[in-house]
Student: 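Got a structure here, written out as structure tokens. Questions coming.
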Protein chains: 2
Amino acid sequence: MTNVPTQLGRRGPYAKSAERRRAIIDAAYSVFGSRGYQGGSLQEVANLVGMSQTSLLHYFPTKSHLLVAVLNRRDSVSRDGSPPPAEETMAESVLRQAAFNETHPGLIELYTILSAETLTNNHPGREYFADRFAGLRIDYAASFAELESRGMLRPGVDPSVAATALVALWDGLQLQWLHSPGEVDVVAVLGSYLDLVILPGE
Amino acid sequence: MTNVPTQLGRRGPYAKSAERRRAIIDAAYSVFGSRGYQGGSLQEVANLVGMSQTSLLHYFPTKSHLLVAVLNRRDSVSRDGSPPPAEETMAESVLRQAAFNETHPGLIELYTILSAETLTNNHPGREYFADRFAGLRIDYAASFAELESRGMLRPGVDPSVAATALVALWDGLQLQWLHSPGEVDVVAVLGSYLDLVILPGE
DNA sequence: GTCTATACGCTGATAGAC
DNA sequence: GTCTATCAGCGTATAGAC
């Protein structure tokens, strides 16, 4: 007389579980963003989401697993903004994203803190940032190379060097901005660099 | 019949105490540089210097005090290099220091990690980096302004914007370099930026 | 000045009832 | 799935003998 659960009846709990996971990632995102990974505790995340710390571990078996989930959530956050204009210069895209970031300080803080904290010994997020930086360098190098092929890159500027510089400049500006929001204009300085490297179009 | 200590006899212990403090700061410098401030423990520092953790607290009453001492040690470390050439361009000075930094990865790692970690809530080193960044911006802005007065700054480049960009670029490059030492050339990219902004002298 | 002993809190993680 | 109870460990910091 034991009930054999039907596959149809299973659907509900699954959806609820997914919501729970998302809520936990949201809370962890906030906690790690203001306290760092080492500085943030599972207890604080659990309090924020309104559940016990052990229940949280039911969804993410270890703290490291939770960090990985937070890092991979990035894409969906960045996508929340207005739809990316179809026809857009690389420079326009960079400045638009930089302006968007300024309206989400928590996002910048999380990635700025973690990009440096992951340098510590045996940090679970170690590979994530190395891979991310390498990917960004490749993407922007391709964009600069394309500009070069159209004669719009300042002569003497190497595309891959410009790509590395752009990524570094961006991160460094956000770091200074977080320390002194009123004294650093990320978009303006980024724009001045792009104006310096990219020649005005025909 | 109690001995009244003479002032002359006191000299020895004082010098020994100063050595001890220096050894502790050296050890803390190493520990915070590889594990961060939150991630490093007083026990690990004490082990490295060969004393008990409580004895360490005799010299620095709290962990925060030790951090402050480590941060202020920076100047004496940078000075350890070869004597700064008397006649030196600002660009030459930047590239020389960047090259020197590459031979001291621990130094870069310490300041890269702490410059981001201090963004977390109520971090004891909070003001240090805000002040440091502001000071660097002012100093380099003055250098760029001086170049401008001699007609050696590219027209259209604002000295204070260039200063902010230089500091940001430098920090961002070191961050990428620490993540992937083989893929990023800090001195080369810094040099290409300075070549872009500074016109060749007469 | 240096130590042992220890207080005391918080950490991530486990066991097991419901 | 969620909880309480609990674990073992590490953290900073203090008290006090020597």
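Fair warning: this is a prediction, and the values are worked out from it, not measured in the lab. Hydrogens, waters and symmetry mates play no part in the numbers below; they use all other heavy atoms, side chains included.
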Student: Go through residues 41-54 of chain B and report each residue with a non-hydrogen atom lying under 4.0 Å from DNA chain C, sorted by number.
Tutor: B/M51, B/S52, B/T54
Student: With sequence neighbours excluded, tell me which residues meet salt bridge (Lys or Arg N to Asp or Glu O under 4.0 Å) with B/E44.
Tutor: B/R35
Student: Run the ring-ring contact (aromatic ring centres under 6.0 Å, His included) test against B/H65 and tell me which residues pass, sequence neighbours left out.
Tutor: none
Student: Just by distance, do the side chain of A/S180 and the backbone of A/W177 share a donor-acceptor pair under 3.5 Å?
Tutor: no
Student: List in chain and number order the residues that pass salt bridge (Lys or Arg N to Asp or Glu O under 4.0 Å) with A/E92, two or more places apart in sequence or in another chain; answer none if no residue qualifies.
Tutor: none
Student: Can you list the residues that meet the ring-ring contact (aromatic ring centres under 6.0 Å, His included) rule with B/F144, with sequence neighbours excluded?
Tutor: none
Student: Can you measure A/R35 atom CZ to C/dC10 atom C1' for me and round it to whole angstrom units?
Tutor: 13 Å
Student: Could you list the donor-acceptor pairs under 3.5 angstrom formed between side-chain atoms of residues 154-166 of chain A and any protein atom two or more places apart in sequence or on another chain?
Tutor:
from	atom 1	to	atom 2	distance (Å)
A/R154	NE	A/L196	O	2.7
A/R154	NH2	A/L196	O	3.3
A/D158	OD1	A/S160	N	2.9
A/D158	OD1	A/S160	OG	2.6
A/D158	OD1	A/V161	N	3.1
A/T164	OG1	A/S160	O	3.1

Student: Using salt bridge (Lys or Arg N to Asp or Glu O under 4.0 Å) as the criterion, list what pairs up with A/E102, not counting sequence neighbours.
Tutor: none
Student: If you compare every side-chain N and O of A/S55 against the phosphate oxygens of D/dC3 (OP1, OP2), does one of them come in below 4.0 Å?
Tutor: yes
Student: With sequence neighbours left out, what residues match A/L57 under side-chain contact (heavy atoms from CB on, under 4.5 Å)?
Tutor: A/L42, A/Q53
Student: Would you indicate what B/G40 reaches in the nucleic acid, counting non-hydrogen atoms under 4.0 angstrom: base, sugar-phosphate, or nothing?
Tutor: sugar-phosphate
Student: My understanding is that only residues two or more places apart in sequence, or in another chain, count here; which of them pass side-chain contact (heavy atoms from CB on, under 4.5 Å) with B/V167?
Tutor: A/Q176, B/F133, B/L136, B/Y140, B/D171
Student: Is there any ring-ring contact (aromatic ring centres under 6.0 Å, His included) pair reaching into residues 23-56 of chain A, and which pairs are they, with sequence neighbours excluded?
Tutor: A/F32-A/Y37, A/Y37-A/H123
Student: Let me test you: for the helix from C/dG1-D/dC18 to C/dC18-D/dG1, what is the angle between the axes at its two ends (five pairs each), rounded to 10 degrees?
Tutor: 10°
Student: In residues 56-67 of chain B, what residues come within less than 4.0 Å of DNA chain C, judged by heavy atoms?
Tutor: B/H58, B/Y59
